[in-house]
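Counting starts at 1 for both ligands and their atoms, in listed order. Residues: numbered from 1 along the sequence shown. Computation of the quantities below employed the complete heavy-atom set of this structure, encompassing side-chain atoms and omitting hydrogens, waters and symmetry-equivalent molecules.
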Amino acid sequence: MTQQDRPILLVAACALLDSDGRILLAQRPEGKSLAGLWEFPGGKVEKGETPEETVVRELQEEIGIVTKVACLAPLTFASHTYDNFHLLMPLYVCRRYEGIARGCEGQAIKWVKPMDLRSYPMPPADEPLIPFLQDLL
Ligand SMILES: Nc1nc2c([nH]c(=O)n2[C@H]2C[C@H](O)[C@@H](COP(=O)(O)OP(=O)(O)OP(=O)(O)O)O2)c(=O)[nH]1
């Protein structure tokens, strides 16, 4: 695939924080691309959605917590070329939400201290995001 043929894929993701300043990571399930890697909850921005609405929806669907657009603060973004698309992924931080996080789609989840983020293999697009979280927290 040449650079010209590669579409930009807009994915919105979120660093959900607990009161101890730990970050929620979710493990990508078997059968999906990048299976087994640890990611920030989120997903593709669907037609008619803002990225913030995507995050609110995905957090509810995947992690079972309820939050609001106003509770999301933009932190940074990932911009990374994969084989079949170029990923553009805004990363939000969310500290205010209701409910207890769980893997609603059977995926493993983990609350991780900022210092320990590098112990969890992440998609290549996510690597440059780690220092932003470590500086924030
Ligand atoms: N949610 C999320 N996706 C990420 C991260 N890093 C990263 O490269 N991605 C990629 C993986 C996927 O290609 C895409 C998110 O798509 P998705 O999660 O909505 O869809 P999906 O699992 O069905 O993905 P796919 O099997 O179609 O590739 O963004 C991340 O930290 N969080």
Side-chain angles (χ1 to χ4, degrees):
M1 188 174 253
T2 67
Q3 187 69 46
Q4 289 107 306
D5 301 333
R6 215 179 260 120
I8 288 189
L9 181 68
L10 183 59
V11 169
C14 185
L16 195 67
L17 304 184
D18 73 3
S19 50
D20 297 328
R22 295 179 306 175
I23 301 148
L24 188 88
L25 295 182
Q27 194 171 31
R28 291 185 62 84
E30 290 308 314
K32 281 199 173 187
S33 60
L34 306 167
L37 298 182
W38 293 86
E39 67 174 9
F40 302 104
K44 297 180 188 98
V45 177
E46 306 288 355
K47 201 161 181 280
E49 270 182 342
T50 66
E52 293 81 7
E53 288 167 348
T54 303
V55 167
V56 170
R57 173 179 57 76
E58 293 277 3
L59 286 174
Q60 176 143 30
E61 288 174 4
E62 295 181 356
I63 305 297
I65 63 107
V66 175
T67 188
K68 295 180 183 150
V69 165
C71 299
L72 303 178
L75 179 66
T76 183
F77 64 92
S79 179
H80 183 85
T81 300
Y82 284 113
D83 285 345
N84 297 321
F85 57 91
H86 183 92
L87 177 76
L88 193 60
M89 186 178 80
L91 181 70
Y92 297 85
V93 170
C94 177
R95 301 173 189 267
R96 289 174 59 97
Y97 50 88
E98 283 172 9
I100 295 171
R102 63 197 160 86
C104 298
E105 295 167 346
Q107 73 282 37
I109 62 163
K110 189 101 189 166
W111 289 102
V112 178
K113 288 190 238 154
M115 268 177 44
D116 297 340
L117 279 172
R118 295 220 177 260
S119 313
Y120 294 83
M122 299 184 92
D126 294 39
E127 294 281 332
L129 305 177
I130 295 176
F132 287 88
L133 283 163
Q134 291 177 333
D135 286 352
L136 176 79
L137 298 165

Region of Pro123 that comes within reach of ligand 1 [heavy atoms, distance under 4.0 Å]
side chain
In terms of atom number and element, which parts of ligand 1 are under 4.0 angstrom from non-hydrogen atoms of Tyr82?
7 (C), 8 (O)
Count the heavy atoms of every other residue, nucleotide or ligand shown that sit under 6.0 Å from CZ of Arg96, and state whether that count exceeds 12.
no
Atom 6 (N) of ligand 1: closest protein heavy atom, distance to 0.1 Å, is Asp126 OD1, 2.6 Å
Gln60 side chain near Cys104 side chain, heavy-atom distance below 4.5 Å:
no
For atom 20 (O) of ligand 1, the closest protein heavy atom turns out to be Lys44 NZ, 3.0 Å
Does ligand 1 have an atom that lies less than 4.0 angstrom from a heavy atom of Arg28?
yes
Check whether more than 12 heavy atoms from other residues, nucleotides or ligands sit under 6.0 Å from atom CZ of Phe85, and answer yes or no.
yes
Glu61 and Arg57 ion-paired at < 4.0 Å
yes
Return the residue, atom name and 0.1 Å-rounded distance of the protein heavy atom closest to atom 25 (P) of ligand 1.
Ser33 OG, 3.5 Å
Using side-chain heavy atoms (C-beta onward) and a distance below 4.5 Å, is Met122 in contact with Leu129?
no
For atom 15 (C) of ligand 1, what's the nearest protein heavy atom and its distance?
Val11 CG2, 3.8 Å
Going by the order shown, which atoms of ligand 1 are within less than 4.0 Å of some heavy atom of Gly43?
1 (N), 19 (O)
Which ligand 1 atoms are under 4.0 Å away from a heavy-atom of Glu39?
1 (N), 2 (C), 3 (N), 4 (C), 5 (C), 30 (C), 31 (O), 32 (N)
Heavy-atom contacts with Lys32 under 4.0 Å: which atoms of ligand 1 show up? List them by number with element.
21 (P), 22 (O), 23 (O)
Which atoms of ligand 1 have any heavy atom of Phe85 under 4.0 Å away?
13 (O)
Has the side chain of Gln27 got a donor or acceptor atom that lies under 3.5 Å from a matching backbone atom of Trp38?
no
Close N or O approach (Glu58, ligand 1; < 3.5 Å)
no
Atoms of ligand 1, numbered as shown, that sit under 4.0 Å from any heavy atom of Phe40
1 (N), 2 (C), 30 (C), 31 (O), 32 (N)
Ligand 1 contact by Met89, heavy-atom criterion under 4.0 angstrom:
yes
Would you list the pairs meeting salt bridge (Lys or Arg N to Asp or Glu O under 4.0 Å) in which at least one residue belongs to residues 9-20, sequence neighbours left out?
Asp18-Arg22
Smallest heavy-atom separation, Pro41 atom then Leu59 atom, equals CB-CD2, 3.8 Å
I'd like to know whether CZ of Arg6 has more than 12 heavy-atom contacts from other residues, nucleotides or ligands below 6.0 angstrom.
yes
Considering the heavy atoms of Leu87, write down every atom of ligand 1 situated less than 4.0 Å from one of them.
7 (C), 8 (O), 29 (O)
Here the atoms of ligand 1 under 4.0 Å from any heavy atom belonging to Gly42 are 1 (N)
Flag the pair Asp126 / Leu37 as yes when at least one side-chain heavy-atom distance between them is below 4.5 Å, and no otherwise.
no
